Amino acid sequence: MPKLSAVVPVYKVEGLLGQLIESLQNQTLSDIQIILVDDGSPDRSGQICDEYAAKDPRIKVIHKPNGGVGAARNDGLAAAEGQWLYFCDSDDFLELDALEKLVDAGEKHQADVVYGDVAMLSGDKVQRMHFHKEPFVTDNRAVLDKLVMTVFGRKYCHLPPEGGPAASCYGGPWNKIVRRELLEREKFQFDLTVKGICDDLLYSIHLFAAAKRVAYVPTVIYNYRLLGNSITHTYKENLLQINQEIFGAWQIFLARYGSDGRFLKPYYANVLRRLKAAMGLYFFNRKNKKSFGKQCKELKALLASEPYRTAIEELDSSKLRYKYDLFLWKAARKGS
């Protein structure tokens, strides 16, 4: 049994895939299984996976028809043999000592989940995401709940770093390792109904809610590329329906882990985030063929529907991180 299994969904990344694979192959923790899931990629990505696998017995390649990132991760999860599980994207890359640091911390502290910092790459610019001001290990349920809340809303952050909580990536899977037995016990699967949007947030809130002990190491683990063609940055005609699927998945989570209502206000902050996404990726997007008047009417009806209406009325506005979020909330409350 390898110490860790790394699962990588692969789709249309032939120009960047080699760097990611080599960052896994060259880890200082060598006792790993690398599972590359070719999600029906139409370019040379699948062939590149096979070329690397032919030279490294630690690499397993799964070729499958295109089914989306969640399905690819689930197929990789089913094939994983490691004591620890790790998920990353195929267009990014790891620091070479990342997995060793995470596993060492997990075994030293007998943690179920361990995570570290992320560097965001945009062209030549590098921005480090500091998630907390100092390392910690916790089995305190109140603190673990705050980690769940932070995935929903940044300003719920436990031990925020100087300057305030990081802008993003709290919910990403790529800076976290988790004991495989935790995922097996929870019978966890990536949610396929949300079409690859927010399934990583769902993954992270489940981890923090189910874990008995979590450790954080304040060092960069992962290098995340900001690419304009990301699934989360392009116009989606069906975004409002996808949002409803996301809310449905979150409601299932809330019923299981937060039936006492402790996660509701952070959840409402995230509903506003989904409204914010709709403003850029659907409403008034230049690719939206509906007239301005029809879009205004549709938006007004949306604000009167659930869960938007209740979220706008009951969220804690002091926990909104950005001025635009506060502006959007105020405008929505006025029905403007």
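Position 1 is the first residue of the sequence, and the numbers go up from there. Because only heavy atoms are used, hydrogens play no part in the values below, and waters and symmetry mates are left out as well, while side chains stay in. Everything numeric here is computed off the predicted structure, so don't read it as measured data.
- Contact annotation: the side chain of Q47 approaches that of R44 to within less than 4.5 Å [non-hydrogen atoms, C-beta and beyond].
- Remark: S30 engages no residue in a side chain to side chain donor-acceptor pair (under 3.5 Å) (not counting sequence neighbours).
- Using a cutoff of 4.0 Å between basic side-chain nitrogens and carboxylate oxygens, D91 and K12 are not scored as salt-bridged.
- Criterion: ILVMFWY side-chain heavy atoms under 4.5 Å apart, direct or through other members. Under it, I197 and L240 are part of a common hydrophobic cluster.
- For the side-chain contact (heavy atoms from CB on, under 4.5 Å) test, residues two or more places apart in sequence or in another chain that qualify with P266 are M149, F152, Y156.
- A salt bridge is absent between E298 and K294; no separation between the charged side-chain nitrogens and carboxylate oxygens falls under 4.0 Å.
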Can you list the steps and then say if R179 with E184 is a salt bridge (Lys or Arg N to Asp or Glu O under 4.0 Å)? CA-CA 9 Å; R179 289 190 186 273; E184 291 175 345; over 6 Å; no
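- Considering every non-hydrogen atom in both G171 and S204, the closest pair reads O-OG, 2.7 Å.
- Cluster membership for Y11 and L77, using ILVMFWY side-chain heavy atoms within less than 4.5 angstrom, is not shared.
- Checked by atom type and distance alone, the side chain of Y170 pairs as donor or acceptor with a backbone atom of F131 at under 3.5 Å.
- At a threshold of 4.5 Å between side-chain heavy atoms, the hydrophobic network of Ile, Leu, Val, Met, Phe, Trp and Tyr places V148 and V137 in two separate groups.
- In terms of modelled atom types and a separation under 3.5 Å, the side chain of H132 and the main chain of H158 share a donor-acceptor contact.
- Contact record, V61 with C49: CG2-O, 3.6 Å, taken as the closest heavy-atom pair.
- Here the side chains of V178 and Y203 are in contact, with some heavy-atom distance below 4.5 Å.
- There is a path of hydrophobic side-chain contacts, each under 4.5 Å, that joins V217 to W174.
- The existence of a salt bridge linking E313 and R309 is confirmed by a sub-4.0 Å separation between a basic side-chain nitrogen and an acidic carboxylate oxygen.
- Annotation: side chain of D112 is not in contact with side chain of L207 (no heavy-atom distance under 4.5 Å).
- Sorted pairs that involve residues 312-336 and meet ring-ring contact (aromatic ring centres under 6.0 Å, His included), not counting sequence neighbours, are lacking altogether.
- Scanning all heavy atoms of the two residues, the minimum distance from T138 to N140 falls at OG1-N, 3.0 Å.
- Side-chain N/O atoms of S45 and E14 include no donor and acceptor closer than 3.5 Å.
- Between the side chain of E134 and the backbone N or O of L159 there is no donor-acceptor pair closer than 3.5 Å.
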Is there a side-chain contact (heavy atoms from CB on, under 4.5 Å) between L272 and L315 once you walk through the steps? CA-CA 9 Å; L272 187 76; L315 67 79; 4.1 Å; yes
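- A 6.0 Å sphere centred on CD of E314 holds more than 12 heavy atoms belonging to other residues, nucleotides or ligands.
- Using a distance-only test at 3.5 Å, with no hydrogens or angles considered, a donor-acceptor pair links the side chain of R213 to the main chain of H109.
- Contact detail for K212 and L144: the closest heavy-atom pair is O-CD1, 3.9 Å.
- Only one option out of D145, V143, D139 pairs with R141 in a side chain to side chain contact (heavy atoms under 4.5 Å, CB included); it is D145.
- Residues satisfying the side chain to side chain donor-acceptor pair (under 3.5 Å) criterion with S318, sequence neighbours excluded, are D316.
- Inter-residue side-chain proximity for H130 and D117 is flagged as met; some heavy-atom pair is nearer than 4.5 Å.
- Linking Ile, Leu, Val, Met, Phe, Trp and Tyr residues whenever their side-chain heavy atoms come within less than 4.5 Å places L264 and L320 in a single cluster.
- No donor-acceptor pair closer than 3.5 Å links the side chain of R128 to the backbone N or O of V118.
- Sorted by first then second residue, the salt bridge (charged side-chain N to carboxylate O under 4.0 Å, His left out) pairs that include residues 269-289, not counting sequence neighbours, are K276-D325.
- Between Y222 and Y224, the two ring planes are tilted [angle within 30° to 60°].
- Between the side chain of Q27 and the backbone N or O of S23 there is at least one donor-acceptor pair closer than 3.5 Å.
- Side chains of Y308 and L302 form a contact here, defined as non-hydrogen atoms less than 4.5 Å apart.
- Panel note: side chain N175, backbone G116; a donor-acceptor pair is recorded below 3.5 Å.
- For K64, the side-chain contact (heavy atoms from CB on, under 4.5 Å) test picks out V37, D39, A71, D75, with sequence neighbours left out.
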Check step by step if side-chain contact (heavy atoms from CB on, under 4.5 Å) holds for N223 and L94. CA-CA 6 Å; N223 296 279; L94 289 76; 6.0 Å; no
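- At a threshold of 4.5 Å between non-hydrogen side-chain atoms, the residues L20 and C88 count as touching.
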Evaluation steps, side-chain contact (heavy atoms from CB on, under 4.5 Å), between V8 and L24: CA-CA 10 Å; V8 187; L24 286 168; 3.8 Å; yes
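- Side-chain atoms of D38 do not come within 3.5 Å of backbone N or O of I62 as any donor-acceptor pair.
- At a threshold of 4.5 Å between non-hydrogen side-chain atoms, the residues Q33 and L4 do not count as touching.
- The pair K3-D31 does not count as a salt bridge, with every side-chain nitrogen at least 4.0 angstrom from each carboxylate oxygen.
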One pair to check against side-chain contact (heavy atoms from CB on, under 4.5 Å): M120 and M129. What are the steps and the verdict? CA-CA 7 Å; M120 307 290 283; M129 297 287 106; 3.6 Å; yes
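- Residue pairs meeting the ring-ring contact (aromatic ring centres under 6.0 Å, His included) criterion with at least one partner in residues 39-82, sequence neighbours excluded, do not occur; the list is empty.
- When the side-chain contact (heavy atoms from CB on, under 4.5 Å) test is applied to A78, no partner is found at least two apart in sequence or on another chain.
- Summarising the hydrophobic clusters (Ile, Leu, Val, Met, Phe, Trp, Tyr; side-chain heavy atoms under 4.5 Å, direct or chained), the residues clustered with M1 are none.
- Annotation for K319: atom NZ counts as buried by contact number, over 12 foreign heavy atoms lying within 6.0 Å.
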Check: residues 246-258 side-chain donor-acceptor pairs under 3.5 Å, at least two apart:
from	atom 1	to	atom 2	distance (Å)
Q251	NE2	Y267	OH	3.1
R256	NH2	E186	OE1	2.8
Y257	OH	E186	OE1	2.6

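- For K108 and D104, the salt-bridge test fails: no basic side-chain N is under 4.0 Å from an acidic carboxylate O.
- Side-chain contact between L275 and L299 is present, with at least one heavy-atom pair separated by less than 4.5 Å.
- Grouping Ile, Leu, Val, Met, Phe, Trp and Tyr residues whose side-chain heavy atoms lie under 4.5 Å apart, directly or via other members, places F93 in a hydrophobic cluster with L121, V126.
- Within the structure, ring-ring contact (aromatic ring centres under 6.0 Å, His included) pairs that include any residue of residues 280-301 comprise F284-F292 (at least two apart or interchain).
- The existence of a salt bridge linking R225 and D89 is excluded, since no basic side-chain nitrogen approaches an acidic carboxylate oxygen closer than 4.0 Å.
- Closest approach of N74 and F190 over heavy atoms only: OD1-N, 2.7 Å.
- Here the closest heavy-atom approach between residue R154 and residue C169 is recorded as NH2-N, 3.9 Å.
- Put simply, the side chain of S5 gets close to the backbone of E81: a donor and an acceptor are under 3.5 Å apart.
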